[in-house]
Amino acid sequence: MDTQANTHTERTGKRVSTFRPGVDVFESAEAFTIIADIPGVKPEQVELDFEQNVLNLSARVAPRGPSHEDRAVRLAAEYPVGDFERTFRFDDSIDTQNASATCVDGVLTVTVPKSESARRRRIPVA
Amino acid sequence: MLTVRTTPTVACRPAPSVFADLDRVFSGMFPGALAPWTTGTQSVFPAVNAWQDEKALYVEAELPGFKPADLDISVEGDELTIKGKREASVAPAGAAVVRRERWAGQFERTLRLPAPVDSDAVSASFNSGVLTITLPRRPETMPRKIRVNPA
């Protein structure tokens with residue numbers, strides 16, 4: 001499986017920084033499992049789009065922190081807040097129809113089953 | 001809702017001019033972990049954003065997948081300490097690890113607060129993996145408006 005970063009995206013006519021979430025990826029004979037850290041993202045803000053064997057993950061992060069009218073003073077700014085984007089390319093043919101996902105406490109878990117044909121190609125040796 | 005532990009304070013030291021960092025325990029607990037926003041090795045965890053207004057100081061940290069029960073927030077004098085841990089994700093049965101980028105382990109970070117806070121009134125919330133700690137300022141240190149009386 002191959003991954004690539006999207007560092008920028010085109011939205012509202014100007015370039016906006018997006019961030020590449022850290023992921024754990026597991027592979028079994030039946031499925032791939034992707035676990036991604038996307039803090040600040042609610043389940044309804046996650047978009048998962050398949051284009052053949054490529055999965056595009058994008059997650060919108062609502063702005064947070066002090067608003068301009070708060071007259072707040074910054075004490076520390078160690079990380080920027082922005083949307084998450086990452087693309088995953090699968091080698092095996094995958095069953096996108098039966099992919100599923102959950103998002104809990106800023107952690108997204110995506111399960112992508114392998115297609116019947118991909119499963120059948122594997123011959124387990126006892 | 002998180003439990004916030006407060007410790008009575010006796011120490012009184014001059015407030016530093018910046019938001020000083022007193023990281024004590026951090027030695028390779030997140031080997032090779034890269035935050036999505038950094039290009040080099042991250043030296044402190046978690047990164048924080050902090051700000052203050054007239055009423056309170058606010059400290060925010062991204063802690064996805066951490067459980068509120070595994071976070072320990074304490075205020076002692078002018079120091080805020082955040083401790084926590086996150087277990088490594090477990091591979092589904094029969095699955096092999098293809099990639100492991102997410103942090104696992106435990107951390108402790110102490111921040112020196114630039115203004116005295118009411119430690120009894122400190123509160124914390126945890127939403128979608130984002131921890132926000134609200135530390136109300138002591139009334140005597142809140143900014144005061146001085147009205148100029150006409151002569």
Side-chain angles (χ1 to χ4, degrees), chain A residues 1-3 5 7 17-43 45-46 59 61-62 64-67 69-82 84-86 88 90-91 103-109 111 124, chain B residues 18-21 30 33-38 42-68 86 88-104 109 111-115 126-132 143:
Chain A
M1 199 181 79
D2 189 26
T3 60
T7 50
S17 287
T18 62
F19 302 96
R20 188 179 196 245
V23 296
D24 292 343
V25 181
F26 303 107
E27 179 182 3
S28 72
E30 292 82 33
F32 291 96
T33 305
I34 300 171
I35 302 176
D37 281 336
I38 48 170
V41 177
K42 293 186 176 67
Q45 297 164 325
V46 179
V61 177
R64 53 178 200 264
S67 61
E69 55 267 30
D70 283 348
R71 292 201 298 163
V73 179
R74 275 266 172 205
L75 300 171
E78 296 180 347
Y79 63 88
V81 174
F84 294 101
E85 300 210 348
R86 192 156 174 176
F88 305 89
F90 296 90
D91 296 331
C103 186
V104 179
D105 288 342
V107 177
L108 174 73
T109 302
T111 304
Chain B
V18 292
F19 196 67
D21 204 333
F30 302 95
L34 292 185
W37 55 87
T38 57
Q42 192 181 1
S43 58
V44 290
F45 185 91
V48 297
N49 283 341
W51 63 96
Q52 67 178 346
D53 61 18
E54 293 175 3
K55 292 178 197 141
L57 276 59
Y58 307 89
V59 177
E60 183 200 89
E62 293 184 323
L63 297 168
F66 284 73
K67 298 287 163 226
R86 183 171 81 168
S89 59
V90 179
V97 177
V98 177
R99 193 176 280 260
R100 222 183 240 292
E101 299 171 352
R102 299 167 65 246
W103 318 301
R109 187 167 187 197
L111 301 160
R112 186 173 295 160
L113 305 168
F126 190 65
N127 291 311
S128 304
V130 177
L131 173 72
T132 307

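Just so you know, these numbers use all the heavy atoms, side chains as well, and skip hydrogens, waters and symmetry mates. Each chain gets a letter, A, B and so on, in the order the sequences are listed, and its residues count up from 1.
Contact of the L75(A) side chain with the P114(B) side chain is registered, since non-hydrogen atoms from C-beta on lie closer than 4.5 Å.
For the pair P39(A) and V130(B), the tightest heavy-atom approach, listed with the atom from each and the gap, is C-CG2, 4.0 Å. Smallest separation of non-hydrogen atoms from A95(B) and F26(A): CB-CB, 4.1 Å. Taking each heavy atom of V107(A) and P64(B) in turn, the nearest pair found is CG2-C, 3.6 Å. Across all their heavy atoms, G22(A) and E101(B) have their closest contact at CA-OE1, 3.4 Å. The nearest pair of heavy atoms linking T33(A) to P92(B) is OG1-CG, 3.7 Å. Contact detail for R100(B) and D24(A): the closest heavy-atom pair is CA-OD1, 3.3 Å.
Residues meeting the ring pair (Phe, Tyr, Trp, His ring centres under 6.0 Å) test with Y58(B), sequence neighbours left out: W51(B).
Considering only heavy-atom pairs separated by less than 4.5 Å from chain A, the leading option among A93(B), A88(B), S89(B) is S89(B). Between chain B and the residues T111(A), I38(A), V41(A), the most heavy-atom pairs under 4.5 angstrom are made by V41(A).
The pair R86(B)-D37(A) meets the salt-bridge criterion, since a charged nitrogen lies less than 4.0 angstrom from a carboxylate oxygen.
D105(A) CG to K67(B) NZ: the interatomic distance, rounded to the nearest 0.5 Å, is 4.5 Å.
N49(B) contributes a side-chain N or O that, together with a main-chain N or O of E78(A), makes up a donor-acceptor pair within less than 3.5 Å.
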